[in-house]
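Notes follow the structure.
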There are 2 protein chains.
Amino acid sequence: MPKPTFYNLKEEKKRRIFQAAVQEFASHKFSEASLNRIVKTAKIPWGSFYQYFDNKEDLYLYIIKELSKYKWDALEQAGVDNIDGDFFNIIREKLIALIELRKQNPDYAHIALLQEMDDSDFIRKVRGDSTKRWKEIIERDKKSGLIKEEIDADVMIDMFYSFLLLNFYRTGLDDEEKFMATLDEAIKIMREGVSVR
Amino acid sequence: MPKPTFYNLKEEKKRRIFQAAVQEFASHKFSEASLNRIVKTAKIPWGSFYQYFDNKEDLYLYIIKELSKYKWDALEQAGVDNIDGDFFNIIREKLIALIELRKQNPDYAHIALLQEMDDSDFIRKVRGDSTKRWKEIIERDKKSGLIKEEIDADVMIDMFYSFLLLNFYRTGLDDEEKFMATLDEAIKIMREGVSVR
DNA sequence: GAAGGATATGAGATGGTTCTCACAATTGCA
DNA sequence: TGCAATTGTGAGAACCATCTCATATCCTTC
């Protein structure tokens, strides 16, 4: 985490550093992000950087934490957590909220995705385990007779997660409609299957 | 592509360079692979490398091409292309053959995967469009009444592809059984859906 | 306004990368 | 064998990365 010196900085300077880091981490995965560019963009001297942070990892962790805070705040405000509906409805609503979020701050969303795609050991450590909540929802849906008892929740989440990862990543900001259409088709397939009965 | 000088090399030396490159590209994505390590492992002087190849990209393209040749040869020998069955059966058989291949040469398979995960512009250009064949199979299955007409083949392939990518990637060599179990569960979900009818 | 701790600063240390080039060695052929 | 063409060689150029450190400057408090 940042050193006290960083927190003592004037807001304007803190913001400049934060913005520069976000910009860099949004356009390069962690391993390829350059402190050189960050300090240049933020217009702070090299030495200063090490007054504020221990190293690149330190900065990255800080940025990730801040963006995560921002994301959960926004999702909470959108009231996404108390939707009644099955697994698919909830995930769909959440994605709509995330798309909205991305519209306001494309860089923020992009960092989260790069983080997922980057498979370095360090990044793996950072990646949280967010599947637990989804598993609970699926089990609940099984109990209420919406989802077949014999379905493996882990596989189901895995399918959805990998699908979202690649699609959200590939789809630019521009093509929200196409993303939603693809998503709905995928939900249909997972709900009903592809086989003719 | 390699310079003529490379092809004129003695087999032993060619093999040494090829092996060193495979080893490096199997353990690092393209952008992080180091020529330094490659020439060291291959035990060739720095200058020699540039007698054989234009640069790192040139070497990488060559390796990819060779491995692709190897892969298709092996799949053909396994007689994977003339299986009668639906989309899922064919893809399942092909994966079994690929797992076999990976057993013999883990590095080769790993390179193919790193290639898929690496999203640099250069790598994107290299990535072939292998979805066309799968689309044909799905359309055939629609005609023969196995798959619902209204299913979007692109989305179906996308779901499967992204699922495989992440799972094949995550699953080590050790856990073939678990991978197959997960795969079969995913096929079941895509075939029949998760909803209770 | 002087003292002293906190902060700012950027040159350069250090180590990594790709790639070049002048020359040495080897090979193939007349 | 002798000459020309091909190939081998490794030191180092050029660049870029992270990180340190001695010194300058600012800022607070008495």
Side-chain angles (χ1 to χ4, degrees), chain A residues 1-18 20-21 23-64 114 118 120-123 126, chain B residues 1-64 114 118 120-123 126:
Chain A
M1 284 293 100
K3 300 179 181 176
T5 339
F6 177 74
Y7 292 110
N8 294 341
L9 250 39
K10 282 180 216 148
E11 281 308 315
E12 203 280 325
K13 195 169 197 176
K14 258 196 294 203
R15 217 218 59 232
R16 237 168 48 222
I17 296 172
F18 185 79
Q23 189 184 320
E24 178 69 11
F25 287 126
S27 49
H28 303 82
K29 48 188 77 173
F30 174 76
S31 51
E32 279 157 30
S34 154
L35 285 185
N36 229 332
R37 280 191 294 261
I38 292 176
V39 298
K40 206 173 285 171
T41 309
K43 291 196 210 312
I44 56 166
W46 251 109
S48 289
F49 178 82
Y50 288 89
Q51 302 273 27
Y52 310 145
F53 300 92
D54 287 333
N55 47 40
K56 194 163 90 169
E57 285 191 13
D58 193 25
L59 171 64
Y60 186 75
L61 280 171
Y62 170 70
I63 299 288
I64 290 292
L114 282 178
D118 199 324
S120 73
D121 284 344
F122 166 64
I123 296 301
V126 171
Chain B
M1 284 294 99
K3 299 179 183 175
T5 337
F6 177 73
Y7 291 109
N8 295 340
L9 249 40
K10 281 181 216 146
E11 280 309 315
E12 203 279 325
K13 195 168 197 176
K14 257 196 295 204
R15 216 219 61 232
R16 237 169 49 224
I17 296 172
F18 185 80
Q19 286 298 336
V22 164
Q23 190 184 320
E24 178 67 14
F25 287 127
S27 50
H28 302 84
K29 48 188 77 172
F30 174 77
S31 51
E32 278 157 29
S34 153
L35 285 185
N36 229 334
R37 280 190 294 261
I38 291 175
V39 299
K40 206 173 284 171
T41 310
K43 291 195 210 315
I44 56 166
W46 251 111
S48 289
F49 178 82
Y50 288 91
Q51 304 271 29
Y52 310 145
F53 298 92
D54 287 332
N55 47 40
K56 194 164 89 170
E57 285 192 15
D58 193 24
L59 171 64
Y60 186 75
L61 279 171
Y62 171 70
I63 299 288
I64 290 291
L114 282 178
D118 200 324
S120 74
D121 284 344
F122 167 64
I123 296 301
V126 171

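Throughout, protein chains are lettered first and strands after them, A, B, ... in sequence-line order, and every chain is numbered starting at 1.
- If you measure from atom OH of B/Tyr60 to atom C1' of C/dT18, you get 18 Å, rounded to the nearest angstrom.
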If a protein heavy atom is under 4.0 Å from the base, mark B; if only from the sugar-phosphate, S; if neither, -; do that for nucleotides 10-17 of chain D going 5' to 3'.
BB-----S

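- Looking at heavy-atom distances under 4.0 Å, B/Phe53 makes no contact with the nucleic acid at all.
- What separates CD of A/Glu57 from P of D/dT18 is a distance of 12 Å, to the nearest Å.
- Ring-plane geometry between A/Tyr62 and A/Phe18 is classed as perpendicular, the angle between the planes exceeding 60 degrees on a 0 to 90 degree scale with a lower cut at 30.
- Residues meeting the side chain to side chain contact (heavy atoms under 4.5 Å, CB included) test with B/Tyr50, sequence neighbours left out: B/Leu35, B/Trp46.
- The side chain of B/Tyr50 contributes an N or O atom lying less than 4.0 Å from OP1 or OP2 of C/dC19.
- With hydrogens and angles ignored, the 3.5 Å screen pairs no side-chain donor or acceptor of A/Lys13 with any backbone N or O of A/Ile44.
- How far CD of B/Gln51 is from CG of B/Asn8: 11.5 Å, rounded to the nearest 0.5 Å.
- Classified by interplanar angle (parallel below 30°, tilted 30° to 60°, perpendicular above 60°), the ring pair B/Phe30/B/Phe25 is parallel.
- The salt bridge (Lys or Arg N to Asp or Glu O under 4.0 Å) search around B/Lys3 returns B/Asp54, not counting sequence neighbours.
- Between A/Ile17 atom CD1 and A/Phe6 atom CZ the span is 5.5 Å, to the nearest 0.5 Å.
- Straight-line distance from the CZ atom of A/Phe49 to the C1' atom of C/dG12: 19 Å, rounded to whole Å.
- Distance CD (A/Gln51) to P (C/dA6): 12 Å, rounded to an integer number of Å.
- To the nearest angstrom, C1' of D/dT9 lies 17 Å from NZ of B/Lys43.
- One finds the CD atom of B/Gln19 at 13.5 Å from the CD atom of B/Glu24 (value rounded to the nearest 0.5 Å).
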Between the protein and nucleotides 3-5 of chain D, are there any N/O to N/O pairs under 3.5 Å, and if so, what are the atom names and distances?
none

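- Here the straight-line distance linking atom OG1 of A/Thr41 with atom CG of A/Asn36 works out to 10.0 Å at 0.5 Å rounding.
- Here the NZ atom belonging to A/Lys56 is positioned 12.5 Å from the CG atom belonging to A/Leu61, to the nearest 0.5 angstrom.
- Distances shorter than 4.0 Å separate none of the side-chain N or O atoms of A/Tyr52 from OP1 or OP2 on C/dT7.
- With sequence neighbours excluded, the residues forming a side chain to side chain contact (heavy atoms under 4.5 Å, CB included) with B/Glu12 are B/Arg15, B/Arg16, listed by chain and number.
- Rounded to an integer number of Å, the gap from A/Asn55 CG to D/dT20 C1' is 14 Å.
- Heavy-atom distances under 4.0 Å link DNA chain C to A/Asn8, A/Leu9, A/Lys13 of residues 7-15 of chain A, given in residue order.
- Protein atom NZ of B/Lys40 is 16 Å distant from nucleotide atom C1' of D/dT9, rounded to whole Å.
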